[in-house]
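Here the structure comes first, spelled out in structure tokens, and everything after it is commentary.
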Amino acid sequence: MFLSAIRTSIFCGCRSASKRYRPGSQSPQLQQWVVKRGQSTITADAKMPPTLAAPPVPNAATNRIVGRWLLGCSGLVVGAVVLGGVTRLTESGLSMVDWHLVREMKPPQSQAEWEAEFSKYQQFPEFKIMNHDMTLSEFKFIFYMEWGHRMWGRLVGLAYILPTVYFWRKGYFNRSMKGKVLGLCGFVFFQGLLGWYMVKSGLEEKPESHDIPRVSQYRLSAHLGSALLLYCASLWTGLTMLLPEHKIAETRHLMQLRRFAKGTGGLVFLTALSGAFVAGLDAGLVYNSFPKMGDRWIPDDLWAFSPTLKNLFENPTTVQFDHRILAISSLTAITGLYLFSRRMVLPRRAKVAISLLAAMAYGQVALGISTLLLYVPTPLAATHQSGSVALLSLAIWVLAELRKMPK
């Protein structure tokens with residue numbers, strides 16, 4: 001009875017309240033206040049900046065992310081180049097006689113698997129001619145060197161492809177950038193195929209040749225050259241996305257300096273590429289003296305092969321001589337670039353880049369001479385190869401600092 005009375009009183013109170021507060025029953029003053037309050041709220045909302053709206057992509061923040069990603073990828077490519085050089089210097093590159101994209105990712109585990117892998121290696125020229133007394137433990141060392149190089153190459157591929165898919169779906173790339181990243185990913189795949197094509201040249205039987213088994217110097221230089229191109233493209237794209245452009249007046253001297261820097265960068269790249277021919281032919285072991293080659297400035301066997309053009313790519317003496325000339329030319333060009341830049345007013349970052357390039361050039365030449373005089377010890381030769389990549393990196397940095405501002 002008591003609960004029923006409470007329900008009745010609440011129901012009647014709600015009905016009377018709804019009658020009193022119907023829109024039509026409000027006073028004119030109250031209605032005007034409600035209308036003005038709504039208009040002021042709408043006006044204030046219209047004036048508020050859309051801070052909560054997501055910024056369009058790509059933007060400055062996404063460009064920084066993509067730029068750092070490309071710099072990281074270029075660092076991985078440097079690691080592959082250095083590891084490949086050490087693999088060649090330790091004569092490990094022909095230890096894996098098969099190429100499988102997925103299956104070879106797991107090295108042999110049991111004793112039986114190692115013996116089966118060693119048995120396959122014994123069927124190829126390097127074991128028959130050079131390593132016929134090699135033990136299984138020695139084989140494991142060279143196998144792991146080549147396996148590490150191949151796994152690093154797969155890591156490079158994943159570092160390019162997986163973020164590309166992610167950034168593409170997030171909308172981080174504009175139309176121009178999409179073409180660039182597709183080209184980089186395609187180049188990574190091509191680089192892997194070229195590496196196996198190079199290895200195959202060292203596994204082929206050559207009855208007419210009495211030389212030690214080695215990969216073709218042409219394929220080696222193509223493999224190294226493509227890796228350097230991939231590195232340069234990644235580094236250049238990353239730097240141009242991260243480094244703000246300098247507002248430099250387009251004077252005649254600046255245009256001359258920019259052309260000079262481009263030519264110098266091309267010369268540094270060509271010198272690094274010529275090092276692949278030196279490595280492929282073991283040309284660093286033929287004349288271990290400097291500045292003369294033996295007791296002559298120009299050795300007698302410089303043009304010993306016929307036809308003459310063959311000497312440039314297959315005669316170890318000529319290959320070493322060419323590398324010396326290119327190295328000295330690069331040093332001269334970099335020195336001239338440094339002296340020319342000192343006469344101009346340039347941004348501080350550009351001056352630092354040019355100064356570091358000049359310092360690295362002299363250090364790289366000193367490394368090369370030391371490697372030659374000491375009969376190419378592996379640690380020093382690997383450092384010299386790494387120095388060529390460092391020199392190329394500084395040349396690209398200089399070009400990025402001196403690049404022309406888009407209109």
Side-chain angles (χ1 to χ4, degrees), residues 49-84 99-106 148-198 222-246 262 265 269 349 389 392-393 395-407:
T51 54
L52 299 179
V57 289
N59 52 47
T62 61
N63 285 344
R64 284 194 297 271
I65 294 172
V66 174
R68 290 167 183 165
W69 161 60
L70 288 174
L71 289 187
C73 288
S74 63
L76 289 175
V77 175
V78 171
V81 171
V82 174
L83 189 56
W99 189 86
H100 301 283
L101 185 61
V102 177
R103 194 168 67 190
E104 71 179 20
M105 294 179 68
K106 183 180 179 181
H149 180 50
R150 294 192 187 188
M151 292 307 103
W152 191 277
R154 284 162 174 76
L155 175 64
V156 172
L158 292 176
Y160 274 95
I161 295 171
L162 294 183
T164 294
V165 174
Y166 175 78
F167 293 146
W168 194 298
R169 296 186 64 180
K170 297 285 286 187
Y172 285 14
F173 300 143
N174 56 24
R175 185 174 181 179
S176 173
M177 194 63 192
K178 287 179 179 179
K180 292 177 182 178
V181 296
L182 283 178
L184 292 175
C185 291
F187 215 75
V188 170
F189 183 71
F190 169 76
Q191 174 71 0
L193 293 178
L194 192 57
W196 172 240
Y197 180 65
M198 175 193 70
H223 186 53
L224 176 62
S226 62
L228 292 179
L229 285 175
L230 176 64
Y231 172 69
C232 292
S234 303
L235 182 62
W236 167 263
T237 308
L239 287 177
T240 53
M241 297 184 76
L242 291 174
L243 294 178
E245 296 162 344
H246 296 297
K262 290 179 181 178
F269 182 88
R349 244 186 15 234
V389 181
L392 187 60
S393 306
I396 294 172
W397 181 22
V398 170
L399 291 173
E401 295 292 352
L402 298 177
R403 71 186 187 272
K404 189 175 182 180
M405 288 184 62
K407 297 182 180 179

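When reading the values below, keep in mind they use all heavy atoms of this one structure, side chains included, and skip hydrogens, waters and symmetry mates.
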* Donor-acceptor under 3.5 Å (W152 side chain, L76 main chain) -> yes
* Do other residues, nucleotides or ligands put more than 12 heavy atoms under 6.0 Å from Y197 OH? -> no
* Is it true that a side-chain atom of R154 and a backbone atom of L101 form a donor plus acceptor pair closer than 3.5 Å? -> yes
* Asked: Would you say the side chain of S226 lies within less than 4.5 Å of the side chain of F187, judging by non-hydrogen atoms?
  -> yes
* Asked: Side chains of F189 and I161: closer than 4.5 Å at any heavy-atom pair?
  -> no
* Is there a donor-acceptor pair under 3.5 Å between the side chain of R403 and the backbone N or O of A400? -> yes
* Asked: Within the side chain of T237, is there an N or O that forms a donor-acceptor pair under 3.5 Å with the backbone of S234?
  -> no
* Passes side chain to side chain contact (heavy atoms under 4.5 Å, CB included), W69 versus V181? Steps please. -> CA-CA 11 Å; W69 161 60; V181 296; 4.1 Å; yes
* Structure fact -> Separation between CH2 (W99) and CZ (R150), nearest 0.5 Å, reads 9.0 Å
* For side chain to side chain contact (heavy atoms under 4.5 Å, CB included), just list the numbers for W236 and L399, CA-CA rounded to whole Å, side-chain angles, deciding distance to a tenth of an Å, and then say yes or no. => CA-CA 9 Å; W236 167 263; L399 291 173; 3.9 Å; yes
* Asked: Hey, is the main chain of P163 close enough, under 3.5 Å, to the side chain of W168 for a donor-acceptor pair?
  -> no
* side chain to side chain contact (heavy atoms under 4.5 Å, CB included) between L184 and L230, worked out -> CA-CA 7 Å; L184 292 175; L230 176 64; 3.9 Å; yes
* Asked: For K178, does the NZ atom sit with more than 12 other heavy atoms under 6.0 Å from it, leaving out its own atoms?
  -> yes
